[in-house]
Structure formats: C-alpha cells, structure tokens
Protein chains: 2
Amino acid sequence: MAKMKPPRSRLLEAVHESARDLHRVGWIDARRLRTFDALCALEVPSLSAAQIKRLRGKLHVSQAVLAAVLNTSVSTVQKWEIGEKRPGGTAMKLLHLIERKGLDAVL
Amino acid sequence: MAKMKPPRSRLLEAVHESARDLHRVGWIDARRLRTFDALCALEVPSLSAAQIKRLRGKLHVSQAVLAAVLNTSVSTVQKWEIGEKRPGGTAMKLLHLIERKGLDAVL
DNA sequence: AGAAATATATTACCGAGTGATATAGTTGTC
DNA sequence: GACAACTATATCACTCGGTAATATATTTCT
C-alpha cells in the first residue's frame, strides 16, 4: 500500500489512510473511493477577517443572522470581522462551506 | 412593531427581526421570506456524547475522518464522545447538519 | 506471537466563544 | 431637524472548548 499523495496536512493524511482501509475492508468500492478524493476539497483555506466581512456582505445578511445560521453569538462574529479573534476549526469549515455553496447549504 | 413570536432563542429572535427588515426593504419577497421561516430549523438540538458516537458509527467513519471533515482535531472528537467536552456552537451546527443531510452535505 | 494501525484516555495550556454593556453610525419617520 | 429604531463597533472579564502531546488499550494484519 503506497502513499498516493504528499501529505497536505496531518488531517487529510488521516483521511486517506482511513479511506484506504475502508476500501480494503470492503466498506467502500472503487467508485466511492473517489468520493473520498473529493475529501481533498476539505482543505479549509482559513478566511481572513476582511474576507469574512466581505462574505457576509455578499450574502446580504446582518451579523445577527449570520451568527444564528452558524449557531454562534453575535459577539463572536464581530470579533472575527474585526480580527480580534480567529474562527476555530469548525467555524472556518462552516464559513468555507457557505462561501462555496451559499447559505442554503447550511440550513 | 410587535414581537411576532415567543423567543425560542435570542439568536432566532434576531433572525426573524432581520428577515422582517429585509422583507420590508425589499431584499426578499414574501416567497423568500418563507425561506427564512425555514431558518427556524436552525434550532440546533445539542447532541449528547452518546449521540455523537452513534452518529459517527452510522457513518462508518473513523474519528480521524470525522475530525478531518469537521476541520478539527481527533482529540476534540474524542472528548466529545467521552463527554469530557461539549461541542461548541459551530461544531454542533456541523454535527446537526451531518445528522440530517449526511456527510456529503458538508463536503 | 509480534508489528502496525486505530481508539481510548490523561494532562496541561491557550485562546476562542460568550455575555453583557456601552457607544457610535444608519436609516426611517414625524 | 429631531427623534426613534436598528445595526455595527468596541471593550471587559470569564470560562470552557479546542488543541497538542503523550501514554495506554484494543484491534487487525502478516
């Protein structure tokens, strides 16, 4: 079993390992294995404060609404946009999801 | 301006307020306003430790994979399942999303 | 049985998340 | 213009979630 890709990150490394195992065990076939390749899209780019603010602007939603959608507090969204705090892993994931698929994707 | 609903939560309250405003301003029509009613589905049920563990089991993914999908650490997923830590707002949102729509919804 | 990989636990630290509140800035209404 | 209502910005203080690193089962393959 050869490593198929240079490790983008430790997390994605784990993904490929597990995917390989699942395929070997039979949980997933070759076709579905490609689905896991789509997992490479998991790379979350880590949006900057300004990018978050612009994203919300494009969505035409208030900070309160965005906070509600993300199930977090307005205060938190605030600090993200100011740059006082950086979104955590799961928060970045959601923001990235919305950026790519739109708000509806997370409703 | 009358409050239209008993406050389910402060966040959802904010959603309805803003939605009403958007509608008044003309950003969204009556049809799309109902989309915001779908936002009531934002109510995130707060999964228990056992529920998270069972959810991952149903998905047939390892903790490493789930952690990668959620863009968080394995250690964190661990503590969720043990019950040592409770997932934050954004994490709960993602878990709830997966529970309803499946893994693909967050890829 | 032994090696390799995964899952479970433990420890310790930092900073994200949160609430509360106060202060501008905006927009609409009279 | 003045006033009201809402949104955004900012500050403070706290705590608890997120994270790394490590160690220890538990499983699985050779």
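In what follows, every chain begins at residue 1, and chains take the letters A, B, ... in the order their sequences are listed.
For the pair B/L66 CG and C/dA7 P, the interatomic distance rounds to 11 Å; values are reported in whole Å. The separation between A/L70 atom CG and C/dG17 atom P is 10 Å, rounded to whole Å. Across the protein-nucleic acid pair, A/H60 atom NE2 and D/dA8 atom C1' stand 18 Å apart, rounded to whole Å. Counting to the nearest Å, the P atom of D/dC16 and the CE atom of B/M92 are 15 Å from each other. Taking atom CZ of residue B/R56 and atom P of nucleotide C/dT6, one finds them 13 Å apart after rounding to whole Å.
Neither OP1 nor OP2 of D/dT7 sits under 4.0 Å from any side-chain N or O of A/S62. Within the 4.0 Å cut-off from OP1 or OP2 of D/dT19, not a single side-chain nitrogen or oxygen of B/K79 is found. The side chain of A/W80 places an N or O atom within less than 4.0 Å of a non-bridging phosphate oxygen (OP1 or OP2) of C/dG17.
Under 3.5 Å, the side chain of B/K85 and the base of C/dT11 form no donor-acceptor pair of N or O atoms.
A side-chain N or O of B/E81 and one of B/Q63 form a donor-acceptor pair less than 3.5 Å apart. No side-chain N or O of A/S62 forms a donor-acceptor pair with one of A/R56 less than 3.5 Å apart.
Distances from the side chain of A/A91 to the nucleotides C/dA12, C/dG17, C/dG19 place C/dG17 closest. The listed nucleotides are D/dG17, D/dG18, C/dG17; the one nearest the side chain of B/R86 is D/dG17. When the nucleotides C/dT8, D/dG18, C/dT18 are ranked by their closest atom to the side chain of A/S75, C/dT18 comes out on top. Minimum atom distance to the side chain of A/Q78 is reached by D/dA8, of the listed D/dA8, D/dG18, C/dT10. Counting only heavy atoms from C-beta on, A/T72 has its side chain closest to C/dT18 among C/dT18, D/dA10, D/dT19. Nearest to the side chain of B/Q63, among C/dG19, C/dG17, C/dA7, sits C/dA7. Residue B/I82 has its side chain nearest to C/dA9 when only C/dA9, D/dA8, D/dG18 are considered.
Residues B/K101 and A/A105 share a closest heavy-atom pair of NZ-O, 3.7 Å. Residues B/V69 and A/K93 share a closest heavy-atom pair of O-CE, 3.1 Å.
In terms of position on DNA chain C, the residue among B/K53 and A/E84 whose nearest nucleotide sits closer to the 5' end is B/K53. In terms of position along DNA chain C, the nucleotide closest to B/E81 lies nearer the 5' end than the nucleotide closest to the other residue of the pair B/E81 and B/T90.
No donor-acceptor pair closer than 3.5 Å links the side chain of B/N71 to the backbone N or O of A/T90.
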